[in-house]
Peer 1: 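Sharing a structure below in structure tokens format, with a few things to ask.
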Amino acid sequence: MASVLVPIVYLIIVFGGLFLFSYFYRKHTSTQSYEPYFPSHPERNAYVTLLQSEPRASDALLKSALVRRAMADVQRVIRIREDKPALQNLLQKGSIGDDLWNSLINAERELEAEIMEVVGEANSFVEGWGQVIFPTANEMLANERMRAVFENVPAARVELERKYEVKAKHTAVIPPPLLPKSSNGSTPSTGAENGDAEGAKKNKKRK
């Protein structure tokens with residue numbers, strides 16, 4: 001009888017200890033505050049300030065501020081999509097603590113609520129705008145990146161020339177030489193033209 005009770009008591013102690021540990025750990029983490037993953041949201045603050053200003057700002061200005069807010073949200077979505085797999089891998093290896101991972105999860109939840117709020121604000125201006133504001137913001141970000149690349153081309157070229165000590169060669173188009181004019185104002189004939197004239201004379205003599 002004692003041989004049967006010993007494993008049962010052992011299992012009760014083990015599972016009871018695990019249950020108590022998980023309970024107090026969840027309670028501790030639920031009340032713990034984490035450092036925000038992203039800094040403050042200046043675009044959102046600017047939009048809220050314009051919305052609450054007296055007198056109220058124009059709708060064109062508010063729409064522009066809302067698009068800027070959506071562009072900032074798109075950048076944060078891209079950042080989370082890029083960081084989450086890497087942080088998850090590092091967390092499994094034990095390279096980072098739970099604080100950074102939980103901070104990322106909280107930022108992801110806050111971003112979901114932020115996106116829903118932006119969609120609601122967009123629909124308050126124009127019905128259905130909330131469905132296209134984020135694709136529009138994504139296109140504007142792509143255009144800004146492309147423009148930044150083109151604007152950076154001269155500086156990059158100067159940097160490469162300085163690094164490799166090579167000047168960029170610009171090929172110039174050389175115009176054809178002008179033939180000198182004779183005293184009577186006519187252009188002297190070339191050898192090919194003289195040959196053609198002599199051939200014509202010979203043909204006349206044969207005829």
Side-chain angles (χ1 to χ4, degrees), residues 22 25-161 163 168:
S22 62
Y25 180 77
R26 287 196 303 269
K27 185 177 180 181
H28 173 70
T29 55
S30 62
T31 57
Q32 187 177 4
S33 60
Y34 301 102
E35 185 178 356
Y37 192 78
F38 293 112
S40 61
H41 203 318
E43 291 81 7
R44 179 180 59 191
N45 296 338
Y47 174 77
V48 173
T49 302
L50 290 174
L51 192 64
Q52 297 177 351
S53 62
E54 291 292 340
R56 182 178 173 177
S58 63
D59 287 348
L61 185 59
L62 290 173
K63 290 178 182 179
S64 178
L66 187 61
V67 171
R68 277 291 171 186
R69 180 179 175 182
M71 291 171 65
D73 292 338
V74 170
Q75 289 179 324
R76 295 191 175 198
V77 169
I78 295 174
R79 170 82 180 278
I80 288 179
R81 288 179 180 176
E82 292 176 351
D83 293 354
K84 191 173 183 179
L87 290 179
Q88 189 173 10
N89 189 18
L90 292 174
L91 181 65
Q92 292 174 354
K93 293 180 179 179
S95 301
I96 61 173
D98 293 337
D99 294 344
L100 184 58
W101 176 254
N102 291 328
S103 178
L104 176 67
I105 297 301
N106 290 337
E108 190 175 17
R109 293 172 182 169
E110 292 175 359
L111 189 57
E112 291 176 357
E114 164 70 10
I115 290 173
M116 295 301 297
E117 185 177 347
V118 171
V119 171
E121 291 289 333
N123 288 329
S124 66
F125 287 104
V126 179
E127 186 64 30
W129 188 29
Q131 305 300 323
V132 297
I133 186 172
F134 282 103
T136 303
N138 194 17
E139 292 178 2
M140 293 179 66
L141 281 174
N143 292 334
E144 285 189 352
R145 294 192 197 100
M146 188 178 300
R147 183 176 59 188
V149 169
F150 281 112
E151 291 177 353
N152 195 36
V153 166
R157 183 176 60 188
V158 171
E159 179 66 22
L160 289 175
E161 290 176 355
K163 182 178 180 181

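Computed from a predicted model, the values in this text were never measured in an experiment. We count residues from 1, following the sequence as given.
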Peer 1: So that I can tick it off, tell me whether Arg69 and Glu117 are bridged by a salt bridge, with the cut-off set at under 4.0 angstrom between side-chain N and carboxylate O.
Peer 2: yes
Peer 1: Distance-only check: which donor-acceptor pairs under 3.5 Å involve side-chain atoms of residues 41-50, not counting sequence neighbours?
Peer 2:
residue : atom : partner : partner atom : Å
His41   : ND1  : Arg44   : N            : 3.2
His41   : NE2  : Asp73   : OD1          : 2.8
Asn45   : ND2  : His41   : O            : 3.2
Tyr47   : OH   : Glu121  : OE1          : 2.6
Thr49   : OG1  : Asn45   : O            : 2.7

Peer 1: Are any side-chain N or O atoms of Thr136 and backbone N or O atoms of Val132, one a donor and one an acceptor, separated by less than 3.5 Å?
Peer 2: yes
Peer 1: Identify all side-chain donor-acceptor contacts of residues 54-61 below 3.5 Å with residues at least two apart in sequence or on another chain.
Peer 2:
residue : atom : partner : partner atom : Å
Ser58   : OG   : Leu61   : N            : 3.4

Peer 1: Got a sec, which residues hit side chain to side chain contact (heavy atoms under 4.5 Å, CB included) with Ala122, two or more places apart in sequence or on another chain?
Peer 2: Leu66, Trp129, Ile133
Peer 1: Looking at every heavy atom in both Arg76 and Ser40, which two are closest together, and how far apart are they?
Peer 2: NH2-O, 3.1 Å
Peer 1: With side chains defined as the heavy atoms from C-beta onward, is the minimum distance between Val74 and Met140 less than 4.5 Å?
Peer 2: no
Peer 1: Show every donor-acceptor pair shorter than 3.5 Å between a side-chain atom in residues 143-156 and any protein atom, with sequence neighbours excluded, or say none if there are none.
Peer 2:
residue : atom : partner : partner atom : Å
Asn143  : ND2  : Glu139  : O            : 3.3
Glu144  : OE2  : Arg68   : NH1          : 3.2
Glu144  : OE2  : Arg68   : NH2          : 2.9

Peer 1: If you define the side chain from C-beta out and look only at heavy atoms, does anything of Val118 sit under 4.5 Å from Phe134?
Peer 2: yes
Peer 1: How far does CD of Glu114 sit from CZ of Phe38, to the nearest 0.5 angstrom?
Peer 2: 11.5 Å
Peer 1: By the salt bridge (charged side-chain N to carboxylate O under 4.0 Å, His left out) test, which pairs, at least two apart or in different chains, include something from residues 123-135?
Peer 2: none
Peer 1: Under 3.5 Å, side-chain donor or acceptor atoms of residues 82-91 against the rest of the protein: list the pairs with distances, not counting sequence neighbours.
Peer 2:
residue : atom : partner : partner atom : Å
Asp83   : OD2  : Tyr37   : OH           : 2.6
Asp83   : OD2  : Arg79   : NE           : 2.6
Lys84   : NZ   : Glu108  : OE1          : 3.1
Lys84   : NZ   : Glu108  : OE2          : 3.3

Peer 1: Can you measure from CG (Leu111) to CD1 (Ile80) and round to the nearest 0.5 angstrom?
Peer 2: 5.0 Å
